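Everything quoted here is computed from the prediction, not taken from an experiment. A note on names: the letters A, B, ... follow the listed sequences, proteins ahead of strands, and every chain is numbered from 1.
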2 protein chains.
Amino acid sequence: MTMARYEQIAGDLREAILRGEYPIGAQLPSEAELATRYEAARGTIRQAVALLASEGLVGSRQGARRIVLGGERSQSFAELHSFAQWARSMGYRASGTVLASRRRPCSPSEAVRLSVEPGDEVLTVLRLRRLDGEPVLVERTVYAGWIAPAVEKLDPACESVTQELYEAVGLVFAYGEHLIDAVAAGAEDARLLGVRRGSPLLRQRRTTTSQEGRPVECSDDRYRAGSVVFSIRNSTSANPLVRRAGD
Amino acid sequence: MTMARYEQIAGDLREAILRGEYPIGAQLPSEAELATRYEAARGTIRQAVALLASEGLVGSRQGARRIVLGGERSQSFAELHSFAQWARSMGYRASGTVLASRRRPCSPSEAVRLSVEPGDEVLTVLRLRRLDGEPVLVERTVYAGWIAPAVEKLDPACESVTQELYEAVGLVFAYGEHLIDAVAAGAEDARLLGVRRGSPLLRQRRTTTSQEGRPVECSDDRYRAGSVVFSIRNSTSANPLVRRAGD
DNA sequence: TAAGCGAACTTGTACAAACAAGCCAGACCT
DNA sequence: AGGTCTGGCTTGTTTGTACAAGTTCGCTTA
C-alpha cells in the first residue's frame, strides 16, 4: 500500500497536530520551511495542507501563516457509510438483523433518486441495527434493481453490508448525499427501538452512488435520540453543509 | 470584484451543469480539451474542477472521464451561518427577537469551546427566529467576552447578527464546527415554538471562529421538526461528515 | 507617542513539463 | 462468440518558476 507523497506529508502533519505539537490556535510552519523539511516542492506541500484544510484541521488566509483549528480524527467515507465499520473503529460491537425484504415496483420519487425508470423493480429492506446489543437504528433501504440479486444473497444477520457487497461483486460506494432532520417515532420505529411513539429520532436520508456515478441505494435511517451525533467542519473556502427548507 | 481565473472557469462549468448542458451521469470534457477551450494551463483547469468536486457536483477516478453527480446550487458559508441571509436567498421573510441577554462567568465546558479561561465573563443570548412570521428556531448563543460589547449594542429585533457585526466591528465568521442531533422539546422550547413538550426538534450545536482562528460564539440552535433539513454531499476523496457516538 | 510607511515574509494564482497509473475500446486470437 | 491484450486517452502526482496579493512588524516621521 503505497501512498502519494503529499498524503504521507499530510498524515505526518495530522499526527503532529493530534499529538499536540501544534496546539489549537498555533501557527503551522510556512510552506517554504515544510518544503525544506520534507524535501518536496512547494506544490506538493500545498496539496498536503489543502487536504488538512478540507478536513477542517487547519485554516488559512493569504499573507498570514496557516493556523491550527481543530484536533480530532476525521473518518473515512467507508467509516461513515458502513455502520459496522464505524462501530468497530469506535470500539463498539455492532450487530444487525434483516426484518423484511421484498421486491416491488418503485415509486416515481424513488425512480428519480435512483435514476431508474418509474415502475422498475427495486428491492426494499428493513434492518434493525444494534450497538452492544442495544437497538439504535432502523434502516429502510431501497436498492436499485441491478444490485438486488447480490443483496438478497447476503446473510440476514450480515454485519457489514458494504464490505460483503464489495467482496461479492466488487461494488464500491463512492459518493453520497445526505439529508438530516428530526422526526417523531412512528409505531413501527417505536416498537423496534424500544422508545415511546412520538419520541424524537434523528433521521438521515441518504442516496449512495457507485464509482461510476450510478445510484445504488437510497435509505431512510432513524437513530434513537442520543445514540449518535453528526459532526461537520466547514469554512468560507469549503462549505459542504447546506441548510434547506423542510418539506 | 475580480475573480481568479479558475473560479471563473468553475463558475462557467457549474452554470453549464445546472443548465442541463451536462446532465447527471454525463461525462465532462477532458482536462486537455477544457484547457484548450479556456486557453488555460492544465493546472488551472484542475483547480476549477477540484472546486466543483468539493461541492459534490462532479466526481472523478483516475483514468476515466469526470462524471456529473448532482445538479443543485451550493450555499456560501455566510448563507449557512446567517439565518437571515439564508432566509432571504430562499425567498422567505425572516424576523427575530432577543428574549434574554445577560453576562455571566462561563462554565468549564464553555471555556474549552471558546478557548478562554474558566470563569471569564461571557454573554448569553436567547433568540427566537421566525420564518414568514412562524416561530421556527430557538437560539441559545454564548459569545466570548471580547465581542460582547458589540453584540449588546445590536438592535434586539436585528435581522442579521452576522451582517451587523461585520459592519460594526469588521468581524468575519470564517470557520465553524457543527454537531447535529435530535432532542425532545423542553418546556421553554415548547412554549416558544408552539409545539408540545417532548416533540422532536433538530438540534445544531455550533462553534464559530473568526478569520484569525479565535472562537467567537457557540450556540445551541433548535429547529421545529419539518422546518429545515441539513444537506451534505460527500465522497471517498472528500468526506466532511462524521458520525459520532452520542453522549 | 502615535500614525504611517515600507520591506520581508507568506499564501494565492498561473504556467509549463514530465512521468505514473488507471480506464476503455477496438483489434486480435482461440 | 467470447475472451484477451494492447495502445491511446485521461486523470493523478511531482517538480520548477514567476508574479500577485495580503499580513506582519519594525522603523521612520510628524
Of A/Glu7 and A/Arg65, the one whose nearest nucleotide on DNA chain D sits closer to the 5' end is A/Glu7

Between OH of B/Tyr38 and C1' of C/dC15 the distance, given in whole Å, is 19 Å

Quiz prompt | Whether A/Arg243 side chain and B/Phe230 backbone form a donor-acceptor pair below 3.5 Å | solution = no

When rounded to whole Å, the CG to P distance for the pair A/Leu34 and C/dT10 reads 11 Å

Assign each of A/Ala4 and A/Arg42 the nucleotide of DNA chain D bearing its closest heavy atom; nearer the 5' end lies the nucleotide of A/Ala4

- Looking only at side chains, do B/Thr162 and B/Ser160 share a donor and an acceptor under 3.5 Å apart? no

Going 5' to 3' through nucleotides 21-26 of chain C and flagging B where a protein heavy-atom sits under 4.0 Å of the base, S where only the sugar-phosphate is that close, and - otherwise, we get BBSS--

With a 4.0 Å cut-off (strictly under) to non-hydrogen atoms of chain A, the first and last hit nts on DNA chain D, 5' to 3', are D/dT13 to D/dT24

So A/Ala32, base contact, sugar-phosphate only, or nothing? Heavy-atom distance under 4.0 Å. nothing

Under 4.0 angstrom, heavy atoms only, what part of the nucleic acid is A/Arg66 near: base, sugar-phosphate, or nothing?
sugar-phosphate

Are the side chain of B/Thr36 and the backbone N or O of B/Ala32 linked by a donor-acceptor pair below 3.5 Å?
yes

Which of A/Leu114, A/Val122, A/Thr124, A/Val161 passes side chain to side chain contact (heavy atoms under 4.5 Å, CB included) with A/Tyr143? Answer is A/Val161

When rounded to the nearest 0.5 Å, the distance separating CG of B/Leu28 from CD of B/Glu33 is 9.5 Å

Using atom types as modelled and distance alone, determine if a side-chain donor or acceptor of A/Glu110 lies under 3.5 Å from a backbone N or O of A/Ser107.
-> yes

query: Between the main-chain N or O of B/Trp86 and the side-chain N or O of B/Ser89, is there a donor-acceptor pair closer than 3.5 Å?
result: yes

Point to revise | Donor-acceptor pair, side chain of B/Arg5 and main chain of B/Tyr38, under 3.5 angstrom | key: yes

A/Ile45 atom CD1 is separated from C/dT10 atom C1', nearest whole Å, by 14 Å

